[in-house]
Student: 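Can you keep this structure in mind? I'll have questions shortly.
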Protein chains: 2
Amino acid sequence: MRLSEGVEWGLHCAVLVALLPPDRALPAGRLADYHGVPPAYLAKHLQALSRAQILDSVPGPRGGYRLARPATDVTVLDVVEAIDGTEPAFRCTEIRRQGPTRLATREYRVPCSIHVVMASAEDAWRAELRRTSIADLVGMVGASAPPASLAKGLDWFQEVLP
Amino acid sequence: MRLSEGVEWGLHCAVLVALLPPDRALPAGRLADYHGVPPAYLAKHLQALSRAQILDSVPGPRGGYRLARPATDVTVLDVVEAIDGTEPAFRCTEIRRQGPTRLATREYRVPCSIHVVMASAEDAWRAELRRTSIADLVGMVGASAPPASLAKGLDWFQEVLP
DNA sequence: ATATCACGGATATTAGATATCCGGATTATC
DNA sequence: GATAATCCGGATATCTAATATCCGTGATAT
């Protein structure tokens with residue numbers, strides 16, 4: 001079981017644009033520079049975040065991406081699902097209905113108990129991801145990152161924002 | 001994010017061998033018949049369950065697989081991890097340390113907050129899967145499956161166990 | 001008018017999951 | 001003891017999804 005690497009990129013990008021001065025946007029290329037990831041591929045993931053209305057995209061010079069809503073209203077789960085999709089990790093193929101002892105379809109009114117357990121675990125996973133917003137992550141950075149990190153980040157904004 | 005289909009097969013097989021009469025074993029081929037899945041590939045997953053000491057393997061005629069421990073002592077998580085591995089779904093590549101604003105390695109003593117959140121969600125997922133044992137699943141089948149299903153299963157045992 | 005940027009489609013590459021086969025080792029049964 | 005059934009691990013083939021790039025189009029600030 002493996003999450004797309006794009007999930008990590010998307011979350012870090014969301015945190016970074018949450019720190020932007022009001023009404024400014026960061027182009028995809030700058031976000032790729034900042035994180036040291038392939039620009040063309042990151043662009044694809046940012047487009048997914050834009051379609052999910054997590055980011056706003058601004059075309060043209062001084063354009064780029066910014067948050068579409070307050071950082072408090074964007075959960076980690078929102079970003080994960082925008083990039084990785086909402087398909088469950090466990091997909092019940094109903095193998096209980098295969099093989100020599102299978103019954104008629106109408107007999108299977110009760111759900112597959114294995115399916116139920118796996119689904120409830122994924123619910124717990126999602127619930128946990130919903131508990132944290134991008135604003136929380138920004139706060140965590142402020143509270144626990146080396147201060148030099150923030151300072152350097154601010155310098156960098158001055159440099160790259162035209 | 002996607003779990004191997006083998007996880008579903010492994011769980012259904014664990015439930016089935018938990019229903020075996022004492023000291024009997026089911027060959028991989030019969031388990032594949034019962035579930036309508038490719039025998040050669042299911043065999044690979046059963047070998048993984050055997051290595052994880054969830055199943056006992058018995059070579060030779062009248063051999064096959066049986067539970068290595070009481071069904072109450074085998075959790076759903078045990079089976080999932082035996083087949084899917086224990087690698088986390090989210091793998092932090094520390095992209096916060098890349099790019100133009102990176103600091104010296106020694107500055108990063110606090111953990112990446114995104115990593116922490118993703119890891120806690122996976123902990124919640126695992127905790128949920130640990131709450132249910134194979135014995136619980138067997139009980140659920142007994143309590144909620146169509147009775148005809150169990151009856152047919154028992155007939156089938158008589159037929160295939162030499 | 002021009003340069004900057006997002007967007008979506010097409011396509012190539014790679015890694016991992018799915019699937020099969022075979023030779024060797026083990027053991028119950030005759 | 002011979003035979004047949006079974007597990008085991010390695011080698012290999014195939015298929016799917018993730019990763020990655022490129023380009024033409026449209027929008028817009030300067």
Side-chain angles (χ1 to χ4, degrees), chain A residues 1-10 13 17 23-33 35-66 68 80 82-85 87 89-91 93 95 160-162, chain B residues 1-10 13 17 23-33 35-66 68 80 82-85 87 89-91 93 95 160-162:
Chain A
M1 189 174 47
R2 178 169 214 157
L3 273 171
S4 159
E5 214 179 0
V7 166
E8 184 183 13
W9 302 356
C13 287
V17 298
D23 280 315
R24 305 305 299 270
L26 262 185
R30 295 300 78 65
L31 282 162
D33 293 342
H35 293 111
V37 302
Y41 192 32
L42 176 64
K44 282 277 179 265
H45 293 308
L46 294 172
Q47 284 168 29
L49 292 174
S50 172
R51 274 193 297 272
Q53 306 194 309
I54 290 167
L55 299 183
D56 260 350
S57 68
V58 183
R62 298 176 65 93
Y65 291 98
R66 62 184 173 217
V80 170
I83 290 174
D84 202 63
E87 282 275 293
F90 179 88
R91 296 149 201 215
T93 64
I95 62 176
V160 302
L161 288 179
Chain B
M1 190 175 48
R2 179 171 211 154
L3 272 172
S4 159
E5 213 180 359
V7 167
E8 184 184 11
W9 303 357
C13 287
V17 298
D23 279 316
R24 304 306 299 270
L26 262 184
R30 297 298 80 65
L31 283 163
D33 294 342
H35 293 113
V37 301
Y41 192 31
L42 176 64
K44 281 277 180 267
H45 293 307
L46 294 172
Q47 284 168 28
L49 292 174
S50 171
R51 273 191 297 271
Q53 306 195 308
I54 290 167
L55 298 183
D56 260 350
S57 69
V58 182
R62 298 176 67 93
Y65 292 96
R66 63 184 173 215
V80 169
I83 290 175
D84 202 63
E87 282 275 294
F90 178 88
R91 296 146 202 220
T93 64
I95 62 177
V160 301
L161 289 180

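Worth knowing before you read on, the calculation uses all heavy atoms, side chains too, and leaves out hydrogens, waters and symmetry mates. The chains referred to below are lettered A, B, ... by the order of the sequence lines, with proteins before strands, and numbering in each begins at 1.
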Student: Where along residues 24-31 of chain A does a heavy atom come under 4.0 Å from DNA chain D, residue by residue in number order?
Tutor: none

Student: Rounded to whole angstrom units, what separation is found between the CD1 atom of A:I83 and the C1' atom of D:dA20?
Tutor: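 Taking CD1 of A:I83 and C1' of D:dA20, I get 16 Å after rounding.
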
Student: With a 3.5 Å distance limit and no angle check, can you tell me whether B:D84 reaches the backbone of B:L3 through a side-chain donor-acceptor pair?
Tutor: no

Student: CD1/B:I54 to CD1/B:I83 distance, rounded to the nearest 0.5 angstrom?
Tutor: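 Output value for this atom pair is 7.5 Å.
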
Student: Any side-chain heavy-atom pair from B:C13 and B:L42 closer than 4.5 angstrom?
Tutor: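 Sidechains of B:L42 and B:C13: in contact.
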
Student: Dump the intermediate steps for side chain to side chain contact (heavy atoms under 4.5 Å, CB included) on B:R66 and B:R24, then the final yes or no.
Tutor: CA-CA 7 Å; B:R66 63 184 173 215; B:R24 304 306 299 270; over 6 Å; no

Student: Which whole-number value in Å describes the distance from A:Q53 CD to C:dC7 P?
Tutor: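 Checked: the CD to P distance equals 12 Å.
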
Student: Distance check needed: C:dT18 C1' versus B:K44 NZ, whole Å only.
Tutor: 12 Å

Student: For A:E8 and D:dT19, what is the distance between atoms CD and P respectively, to the nearest whole Å?
Tutor: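 Those two atoms, CD and P, are 11 Å apart.
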
Student: Any side-chain N or O of A:S50 less than 4.0 Å from the OP1 or OP2 oxygen of C:dA6?
Tutor: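 For C:dA6, OP1/OP2 do not have a side-chain N/O of A:S50 under 4.0 Å.
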
Student: Rounded off to whole Å, could you give me the CG-to-P distance for the A:L49 and C:dA6 pair?
Tutor: 13 Å

Student: Measure the shortest side-chain to side-chain distance between B:R91 and A:E8 over non-hydrogen atoms and say whether it is less than 4.5 angstrom.
Tutor: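 Side chain of B:R91 against side chain of A:E8, heavy atoms only: no contact under 4.5 Å found.
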
Student: Would you kindly give the CH2-to-P distance between B:W9 and C:dA17, to the nearest whole Å?
Tutor: 14 Å

Student: Detail all sub-3.5 Å separations between protein N/O atoms and N/O atoms belonging to nucleotides 26-30 of chain C.
Tutor:
{"from": "C:dT29", "atom 1": "OP1", "to": "B:R62", "atom 2": "NE", "distance (Å)": "3.1"}

Student: Show me the protein contacts with nucleotides 14-18 of chain D, counting only N or O atoms at under 3.5 Å.
Tutor:
none

Student: Roughly how far apart are B:M1 CE and A:F90 CZ, rounded to 0.5 Å?
Tutor: 13.5 Å

Student: Under 4.0 Å from OP1 or OP2 of D:dC8: is there any side-chain N or O of B:S57 that close?
Tutor: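 The answer is yes; a side-chain N or O of B:S57 sits under 4.0 Å from OP1 or OP2.
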
Student: In whole angstroms, how far is the P atom of C:dT18 from the CG atom of B:L42?
Tutor: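 It is 13 Å, rounded to the nearest whole Å.
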
Student: Roughly, in whole Å, what's the span from CD1 in A:I95 to P in C:dT18?
Tutor: 13 Å

